[in-house]
Amino acid sequence: MTREVDVAIIGAGTAGLTAQEIVARKTDNYVIIDDGPLGTTCARVGCMPSKAFITVANDFHKRIFFEEYGISGANVLRPNYSRIMARVRMLRDEFADGVIQEMLPFMDKLIRKRARFVDPNTLDLGDEQIRANHTIIATGSKPCIPEKWKPYKDVIIDTDQFFELSDLPEKMAVFGLGAVGIELGQALHRLGVDIIAFSRRKSAGGLTDPSLQSYAFEHFSKEMNIKLGTADIRRKSGNGVVVGCESGEWTVDRILLATGRCPVVQGLGLENLGIELDDRGMPPFDPDTLQIKDLPVFLAGDANGRKTILHEAADDGSIAGYNATADSICCFKKRTPMTITFSSPDIAIAGLSYRELTARGVAFVTGNASWEELGRARMILGKAAGIARIYANRKDGRLLGAELVAPAGEHMAHLLSWAVGAGLTAADALAMPFYHPVLEEALRSAFGQIMKQTDDSAPDFELERCSEDPSIRKMKRPRMSPVRGCSMNSLTQYI
Ligand SMILES: Cc1cc2nc3c(=O)[nH]c(=O)nc-3n(C[C@H](O)[C@H](O)[C@H](O)COP(=O)(O)OP(=O)(O)OC[C@H]3O[C@@H](n4cnc5c(N)ncnc54)[C@H](O)[C@@H]3O)c2cc1C
């Protein structure tokens with residue numbers, strides 16, 4: 001049996017569902033194909049259950065300050081792991097169910113099968129074929145276990161399995177200190193699991209600024225047992241396993257694998273598209289249009305491995321959905337980049353990272369903000385830590401990006417990325433109101449430092465004079481010139 005459609009979407013995750021919304025505005029003749037559990041990775045095994053788990057751990061952690069606050073009796077508090085995990089699953093089910101409820105209006109378009117390309121316009125679903133004018137691949141990513149560790153699968157827990165645990169192990173190794181490793185590792189530690197975490201570099205949460213990398217590594221090492229080195233699995237030991245790195249060996253019950261995720265492209269028949277794949281089996285695609293070569297096929301969300309975070313997957317879905325139903329392929333500017341790791345303190349990158357600025361040869365200056373001594377941070381015990389490094393154009397102080405390890409860093413990251421996206425200078429940011437006492441006050445000194453280092457003379461006074469010609473402050477704001485090239489995003493116009 002062969003069905004003919006305008007658009008076939010493979011994958012009903014965030015990217016696929018966002019694409020569906022856009023496609024459905026143009027045509028009713030589409031299908032969405034998914035053979036896996038519905039509800040999206042984010043709601044089922046990603047963003048949502050991880051934050052539910054972290055919230056419990058952070059709340060429990062506060063008990064260590066109670067005595068100092070003048071509250072007695074905290075030492076009798078105990079976490080009940082099976083109840084904690086059951087509640088996380090209960091919330092997870094609600095989130096995933098919410099997604100499924102939103103799919104009800106187009107359930108007749110959903111095909112619960114696995115798709116495989118026969119050629120760029122034909123998908124084989126086993127007992128039927130789909131002829132599609134355009135196809136969107138939105139198959140997401142999955143935890144990847146290196147081949148050499150596969151014999152230890154029974155002691156390895158990946159993020160697809162973690163939230164299914166009915167109890168928590170006593171001793172756990174955490175491999176990798178990226179966003180997922182530091183988030184779940186710290187939460188496990190705060191709940192009383194004996195953690196040993198491994199990181200190949202002195203860094204955490206994807207930071208790229210060397211001084212901040214060291215700061216983060218030292219800071220988290222004070223709280224948790226972190227080993228610098230390449231983690232490996234040595235041998236099984238009873239029901240557990242011996243793990244190690246260059247500096248020693250340790251026996252643990254289980255390993256939490258947080259070394260990254262791989263795009264799901266295997267088994268899709270991409271070799272039948274008539275294009276060359278790279279050594280990971282990835283097809284070449286345009287990051288601004290998401291089109292694979294000149295084929296009527298688009299690659300969206302985690303499946304393209306570009307930025308494996310939720311709002312980027314959703315944007316990809318929109319772009320792919322638009323282009324799969326448009327008369328001509330359109331390129332789209334990216335939003336200001338932003339990544340957040342929900343550790344405590346949070347780790348975040350807003351706008352361009354230190355590594356990106358350096359690689360592009362941008363002349364930039366840096367302002368530092370610190371929460372180590374900030375009054376408001378010191379009132380909240382355990383929060384008086386954190387540093388932000390804010391980068392600005394050397395010439396005019398235009399904000400370009402920031403990396404930070406900060407209390408309420410999720411909010412700082414939004415503030416900073418919106419300021420970067422709006423093209424504000426450090427002077428513009430300082431002219432904004434700062435309430436007292438708030439954690440945001442720490443940013444003021446960073447903006448002040450930037451103003452002192454820029455080539456153009458900064459305004460002599462933070463407040464704008466009523467009689468002041470606005471061009472004195474605003475003249476350096478770039479004209480929003482029309483985008484000339486596909487690869488240009490709103491940030492690259494400023495540098
Ligand atoms: C532990 C964890 C925490 C995270 N925390 C955050 C966070 O705090 N913030 C954030 O922004 N991001 C976070 N993420 C990342 C975020 O969850 C993902 O970027 C996002 O869910 C990716 O969406 P997607 O649509 O690309 O893929 P998915 O939601 O995974 O959808 C892919 C779909 O494709 C289907 N599929 C695969 N192959 C086939 C096939 N051949 N045929 C048919 N169907 C197929 C699958 O069944 C699946 O339903 C986290 C991820 C993890 C694992």
Side-chain angles (χ1 to χ4, degrees), residues 8-20 31-55 88 92 95-96 99-100 103 110-117 123-126 130 135-144 157-163 174 176 178-185 187 205-206 256-270 290 298-318 320-321 335 337-343 346-348 410 413:
I9 302 165
I10 313 175
T14 300
L17 291 176
T18 315
Q20 178 279 331
V31 287
I32 181 158
I33 306 159
D34 198 313
D35 68 334
L38 297 179
T40 76
T41 289
C42 172
R44 288 188 313 102
V45 291
C47 337
M48 303 306 274
S50 60
K51 270 79 243 179
F53 182 71
I54 291 165
T55 303
V88 167
R92 182 266 321 261
F95 297 133
V99 174
I100 295 167
M103 293 175 69
L110 180 68
I111 304 177
R112 302 286 283 141
K113 290 179 188 164
R114 200 158 192 77
R116 185 182 165 80
F117 282 94
L123 292 170
D124 180 33
L125 307 187
I130 302 284
T135 300
I136 297 168
I137 304 171
T139 46
S141 60
K142 62 172 187 197
C144 29
I157 296 167
D158 63 34
T159 49
D160 282 0
Q161 301 160 331
F162 181 78
F163 303 105
V174 178
V180 172
I182 191 77
E183 282 183 2
L184 293 182
L256 176 68
L257 194 67
T259 44
R261 292 170 67 88
C262 303
V264 175
V265 288
Q266 305 299 333
L268 274 175
L270 298 184
L290 303 182
F298 302 88
L299 188 58
D302 279 17
N304 67 32
R306 206 179 51 83
K307 294 209 164 164
T308 53
I309 46 178
L310 183 98
H311 69 277
E312 296 279 354
D315 282 352
D316 276 10
S318 297
R335 292 178 211 259
M338 177 166 55
T339 57
I340 298 171
T341 299
F342 294 81
S343 47
D346 297 311
I347 297 172
E410 60 179 293

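Whatever order the structure lists ligands and atoms in, that order sets their numbers, starting from 1.
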For the [atom1] atom of [X] and the [atom2] atom of [Y], what is their distance to the nearest 0.5 Å?
X: Lys142; Y: Thr159; atom1: NZ; atom2: OG1; value: 12.5 Å
X: Asp34; Y: Ile111; atom1: CG; atom2: CD1; value: 11.0 Å
X: Asp35; Y: Leu38; atom1: CG; atom2: CG; value: 10.0 Å

Identify, by atom number and element, the atoms of ligand 1 in contact range of [X], meaning under 4.0 Å from any of its heavy atoms.
X: Ala138; answer: 32 (C), 33 (C), 34 (O)
X: Ile10; answer: 40 (C), 42 (N), 43 (C)
X: Gly36; answer: 47 (O)
X: Ala15; answer: 25 (O)
X: Gly301; answer: 26 (O)
X: Val264; answer: 38 (N)
X: Asp35; answer: 43 (C), 44 (N), 45 (C)
X: Thr14; answer: 23 (O), 25 (O), 29 (O)

Discussion item. At under 4.0 Å between heavy atoms, is it the side chain or the backbone of Glu183 that contacts ligand 1, or both, or neither?
Written reply: neither
Quick one: nearest non-hydrogen protein atom to [atom], plus distance?
atom: atom 38 (N) of ligand 1; value: Thr139 CG2, 3.4 Å
atom: atom 4 (C) of ligand 1; value: Cys47 N, 3.4 Å
atom: atom 27 (O) of ligand 1; value: Gly140 CA, 3.3 Å
atom: atom 29 (O) of ligand 1; value: Thr41 N, 3.1 Å
atom: atom 51 (C) of ligand 1; value: Gly46 CA, 3.8 Å
atom: atom 21 (O) of ligand 1; value: Cys42 N, 3.4 Å
atom: atom 15 (C) of ligand 1; value: Thr308 O, 3.6 Å
atom: atom 42 (N) of ligand 1; value: Ala115 N, 3.2 Å

Practice prompt. Measure across Ala115 and Ile33 and return the closest heavy-atom pair with its distance rounded to 0.1 Å.
Written response: CB-CG2, 4.1 Å
Practice prompt. Please report the shortest heavy-atom distance between Gly36 and Arg112, naming the atom on each side.
Written response: O-NH1, 2.8 Å
Worksheet item: Okay, side chain of Asp346, backbone of Glu410: is any donor-acceptor separation there less than 3.5 Å?
Response: yes
Discussion item. Can you confirm whether Lys113 is buried at NZ, in the sense that more than 12 heavy atoms of other residues, nucleotides or ligands lie under 6.0 Å from that atom?
Written reply: yes
Worksheet, complete the sentence: Ranking Leu310, Ile32, Leu268 by closest non-hydrogen atom to atom 10 (C) of ligand 1, top hit is Leu310
Practice prompt. Please report the C-alpha distance between Phe117 and Leu123 in whole Å, then the side-chain angles of each, then the deciding distance to 0.1 Å, and finally whether the side chain to side chain contact (heavy atoms under 4.5 Å, CB included) criterion is met.
Written response: CA-CA 5 Å; Phe117 282 94; Leu123 292 170; 3.7 Å; yes
Practice prompt. Ignoring angles and geometry beyond distance, decide whether Asp302 reaches within less than 3.5 Å of ligand 1 through its nitrogen or oxygen atoms.
Written response: yes
